[in-house]
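Notes for the one structure printed next.
Residue numbers start from 1 in every chain, and the chains themselves are labelled A, B, ... in the order their sequence lines are given, proteins ahead of strands.
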Protein chains: 2
Amino acid sequence: MIAQWLCYNRSETFRGEQAQHKSMARRHNIDGRPTIAQIARIAGVSVPTVSKVLNGRADVSLPTREKVERIIEEYGFVRNRAARALRKGKTGLVDLLLPRLDDEYYLPILEGVAQVLREAGLRLVLTATDYKPEEEVRWITTVTDHSTDGILVVLPSERAIEQLERSGLPFVLIHNQGGLQATAPSVRITSWEGGFVATTYLLRLGHQRIAYIGKTSPARDAIERIAGYRAALDAAGLPLMPELECDGDFTEASGYQATLRLLELPEPPTAIFAGNDRQAAGVYRALHERGLAVPEQMSVVGFDNLPYTEIMNPPLTTIHAPRLELGRTAATMLLRLINGEQLEMPRVVLPTHLVERQSCSPPRQQQE
Amino acid sequence: MIAQWLCYNRSETFRGEQAQHKSMARRHNIDGRPTIAQIARIAGVSVPTVSKVLNGRADVSLPTREKVERIIEEYGFVRNRAARALRKGKTGLVDLLLPRLDDEYYLPILEGVAQVLREAGLRLVLTATDYKPEEEVRWITTVTDHSTDGILVVLPSERAIEQLERSGLPFVLIHNQGGLQATAPSVRITSWEGGFVATTYLLRLGHQRIAYIGKTSPARDAIERIAGYRAALDAAGLPLMPELECDGDFTEASGYQATLRLLELPEPPTAIFAGNDRQAAGVYRALHERGLAVPEQMSVVGFDNLPYTEIMNPPLTTIHAPRLELGRTAATMLLRLINGEQLEMPRVVLPTHLVERQSCSPPRQQQE
DNA sequence: AAAGAAATCGAAATCGTTTTCTACAAGAAA
DNA sequence: TTTCTTGTAGAAAACGATTTCGATTTCTTT
């Protein structure tokens, strides 16, 4: 982080000589910024003509255009966005609703959205709803007042979706939890496939007793992950082992506790598929406390591919959730909707994939 | 809400005597949301009266107020924010400029800003500048068009500060790198004290040879950290040990490399103060590769208190940088400025403190 | 009962831009 | 020359709210 401060400060040494704008404009306007009317008067043309120049319309002669452009440049004129928004009915803003801001999981989504919006010249309005549907609804209601061009909602509640559909605003859902039948534009990831791939990977290494943590959550993604796990076992001709399916609310603590319980089993698993990376961190902690080595005595697979999985010890093998693309895709779709276009693919699912690092190996009995 | 629009339109359709007015109003209102004018007509009052009710002004009689409020409620009216912004000169928006969005360091700052703005009923516009001064300047220029009420800039460049001061907009700087003489409103943390405390902590444990990683960065915070380290050594009557002051650009990789070099020294240190948590993660990796145990064979202290330091193995002792408060304080100050108040304390410095976990112990020779 | 004070309400102006829609000029076609 | 385009420019009307300020009405006071 501070690394970049370095080169950043370097380029600082070339201190750009900024063209100082004429202070004459001050005379005309109280807050110092000229309006179209003033520019028009100074240029000796009418207000609409200036507007036409600003908007690149054709019906302005070249000399007039150049004169107006010169004055605009000279006085450093920028048009009042509020007035423009009022007249055009567009605000240049897009709202993004996240459950939480202090959860690094959402960061790349935010980043992806920000990238696309920046390219499109739109500004990003960010709100955290703290996982409360009423907050979501409240926010959607308050931005229904022409103050946004479109909305992106991560993990929307049912109520939020209803409210969105009612509002008539363009919107795209990210990580929609809703039923499969929902028709609203949305972007998701292949959680089922991720669960399947992770489990299959462990099976291929020779593991037979593979635990899963995170059974309880009613969230769509969680349900898909465990379904993928079960399907992989099934495809390998193995029976389900209910004692190896642990509760877990996808926190570090629940990963820790689930692992302790698993280790007390008469026949503990040789591998743990930890539902997500946070739980995997808890798994590591429990294993370390009990003096068990990863991957020699226990293989571990995570899900999400959070940044810190790279610096875990050993680096965690995990399923990559393409969160940046989630954000980019959703934002791109929303831009289309705002533009009045139809989406040929309103419901997009982005692929996950396995990131192989050093937390897995064949089970001990096969190693020897 | 659509239900109400329905009945709204229905009642309009059946109102013959107001037909001419109605058709006009309908023609101009494409998206079906009522305007103040329509509410006023339905309530049988004037436009200003509705406005007064909306703004809680005193000169409206109770019966009138109640009637208008009922109609507003019934029709689910929300006022057009663009129109309001134009007239009042306030947008209800605050811009936050961050160097990057994918850096978890900034997350709590963002969270703190978001909290305060939410309480104040303002919306947060987020932009990443990618550490480029020209991006900062470009953004500041484009929001100078009355489209924001105030700006918060994290790690502002010199040029950005100049631009801000020229713009006349309210602004507060976070982590200002500038010289001590700068008078602009800003919030920082006590980096020097953090460096001093971390080093003193290690000295008290009995360490004599304490390394520091991150010498090279010209960033204000980095300079203060190493200055604190040196001052602590000095206060303990120890000489500076240049061979123990390592270069480092505050990435995981540089922590790793610096540690390898330190271990090759004829007399390696017994403790490493790692400049920041990311470098500490690299230190852990190098030590683990060389088979050295933390804290038994090497004590490590980080800086920042990133979330993952808690789940490092062992949990990292580090200096807490109060980033949430950084965001909250800056936002609170900005709110004051927007409100036209004077700041009695324009330049705030927030205290850091040591978070003691399990990565430090007395050096080996003293243990035995 | 008359006059003054206070409460209540609305007409009209305003914020700064965009969008018709009309007017006029110059050039092309008849 | 007359008529018809074509190209330019501007007058005026929105967009939807807030604010000012004058006009009523109601309430006190003497």
Side-chain angles (χ1 to χ4, degrees), chain A residues 25 28-69 71-72 75 77-92 142 144-147 149, chain B residues 21 23-69 71-72 75 77-92 144-147 149:
Chain A
H28 298 292
N29 202 339
I30 305 126
D31 76 349
R33 262 182 297 276
T35 68
I36 277 198
Q38 290 163 8
I39 295 295
R41 188 148 29 83
I42 295 161
V45 298
S46 73
V47 168
T49 301
V50 178
S51 176
K52 285 170 186 170
V53 171
L54 285 169
N55 292 296
R57 310 271 286 236
D59 58 345
V60 179
S61 70
L62 193 59
T64 311
R65 173 180 305 270
E66 281 174 347
K67 181 173 56 182
V68 171
E69 276 170 349
I71 305 280
I72 286 175
Y75 287 80
F77 167 80
V78 275
R79 55 189 153 190
N80 183 316
R81 219 186 290 220
R84 186 156 211 253
L86 171 59
R87 182 62 233 225
K88 309 238 338 173
K90 298 267 173 177
T91 59
T142 69
T144 307
D145 60 354
H146 293 276
S147 59
D149 291 349
Chain B
H21 293 292
S23 66
M24 271 188 63
R26 187 81 84 54
R27 192 178 57 219
H28 297 307
N29 197 349
I30 309 123
D31 65 359
R33 256 184 298 277
T35 68
I36 274 198
Q38 291 165 4
I39 294 295
R41 189 152 25 81
I42 295 160
V45 297
S46 75
V47 169
T49 301
V50 177
S51 176
K52 286 170 187 169
V53 170
L54 286 168
N55 291 295
R57 309 269 287 238
D59 58 343
V60 178
S61 70
L62 194 58
T64 311
R65 174 179 304 270
E66 280 173 347
K67 180 172 59 185
V68 171
E69 276 170 349
I71 304 281
I72 286 174
Y75 288 80
F77 167 80
V78 275
R79 56 190 153 190
N80 183 318
R81 222 187 287 222
R84 188 156 209 256
L86 171 58
R87 181 63 233 226
K88 307 240 334 174
K90 298 267 171 176
T91 58
T144 308
D145 60 355
H146 293 276
S147 60
D149 291 348

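- Between B:S51 and D:dT18 there is a side-chain polar atom (N or O) within less than 4.0 angstrom of OP1 or OP2.
- Under the 4.5 Å side-chain criterion, counting only non-hydrogen atoms from C-beta, A:T35 is not in contact with A:N80.
- When rounded to the nearest whole Å, the span between CD of A:E66 and C1' of D:dT8 equals 15 Å.
- The CD1 atom of A:I36 sits 5.0 Å away from atom CG of A:L54, with the distance rounded to the nearest 0.5 Å.
- Phosphate proximity of D:dT8 to A:R57: absent, as no side-chain N or O sits under 4.0 Å from OP1 or OP2.
- Every residue meeting the side chain to side chain donor-acceptor pair (under 3.5 Å) condition with A:T64, not counting sequence neighbours, appears here in chain and number order: A:S61.
- The backbone N or O of A:T91 sits less than 3.5 Å from a side-chain atom of A:D149, completing a donor-acceptor pair.
- Legend: residues meeting side chain to side chain donor-acceptor pair (under 3.5 Å) with A:T142, ordered by chain and number and at least two apart, are absent.
- Nearest heavy atoms, B:A83 versus A:L86: CB-CD1, 3.6 Å.
- What separates CG of B:L54 from C1' of D:dG16 is a distance of 12 Å, to the nearest Å.
- Atom pair B:N80:CG and C:dC15:C1' shows a separation of 13 Å (rounding to whole Å applied).
- B:I42 contributes atom CD1, which lies 4.5 Å from atom OH of B:Y75 (distance to the nearest 0.5 angstrom).
- Between the CZ atom of A:R81 and the P atom of D:dG16 there is a distance of 20 Å, rounded to whole Å.
- Taking atom CD1 of A:I39 as the reference point, atom P of C:dT17 lies 9 Å away to the nearest angstrom.
- Between D:dT18 and B:N55, a contact under 4.0 Å exists linking OP1 or OP2 to a side-chain N or O.
- One can place CD1 of B:I36 at 14 Å from P of D:dC15, the figure rounded to the nearest angstrom.
- Applying the salt bridge (Lys or Arg N to Asp or Glu O under 4.0 Å) definition to pairs two or more places apart or across chains, those involving residues 57-68 of chain A are A:K52-A:D59.
- Following rounding to the nearest Å, B:K90 (NZ) and D:dT19 (P) show an atom-to-atom distance of 12 Å.
- Rounded to the nearest 0.5 angstrom, B:T144 OG1 and A:R81 CZ are separated by 9.5 Å.
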Please list, for nucleotides 10-13 of chain D, all pairs of protein and nucleotide N/O atoms separated by less than 3.5 Å.
{"unit_1": "D:dG10", "atom_1": "OP2", "unit_2": "A:S46", "atom_2": "N", "d": "2.8"}
{"unit_1": "D:dG10", "atom_1": "OP2", "unit_2": "A:S46", "atom_2": "OG", "d": "3.0"}
{"unit_1": "D:dG10", "atom_1": "OP2", "unit_2": "A:T49", "atom_2": "OG1", "d": "2.8"}
{"unit_1": "D:dG10", "atom_1": "O6", "unit_2": "A:K52", "atom_2": "NZ", "d": "3.0"}

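- Take B:R84 and apply the side chain to side chain contact (heavy atoms under 4.5 Å, CB included) test, not counting sequence neighbours, and it matches B:N55, B:R79, B:K88.
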Would you tabulate the pairs of protein nitrogen or oxygen atoms and nucleotide nitrogen or oxygen atoms of nucleotides 23-25 of chain C closer than 3.5 angstrom?
none

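- Put simply, A:R84 has a side-chain N or O that comes within less than 4.0 Å of OP1 or OP2 on C:dT18.
- Computed from coordinates, the B:L86 CG to C:dT18 P distance equals 12 Å when rounded to whole Å.
- Overall bending of the helix from C:dA1-D:dT30 to C:dA30-D:dT1, expressed as the angle between end axes built from five pairs apiece, is 50° (10° steps).
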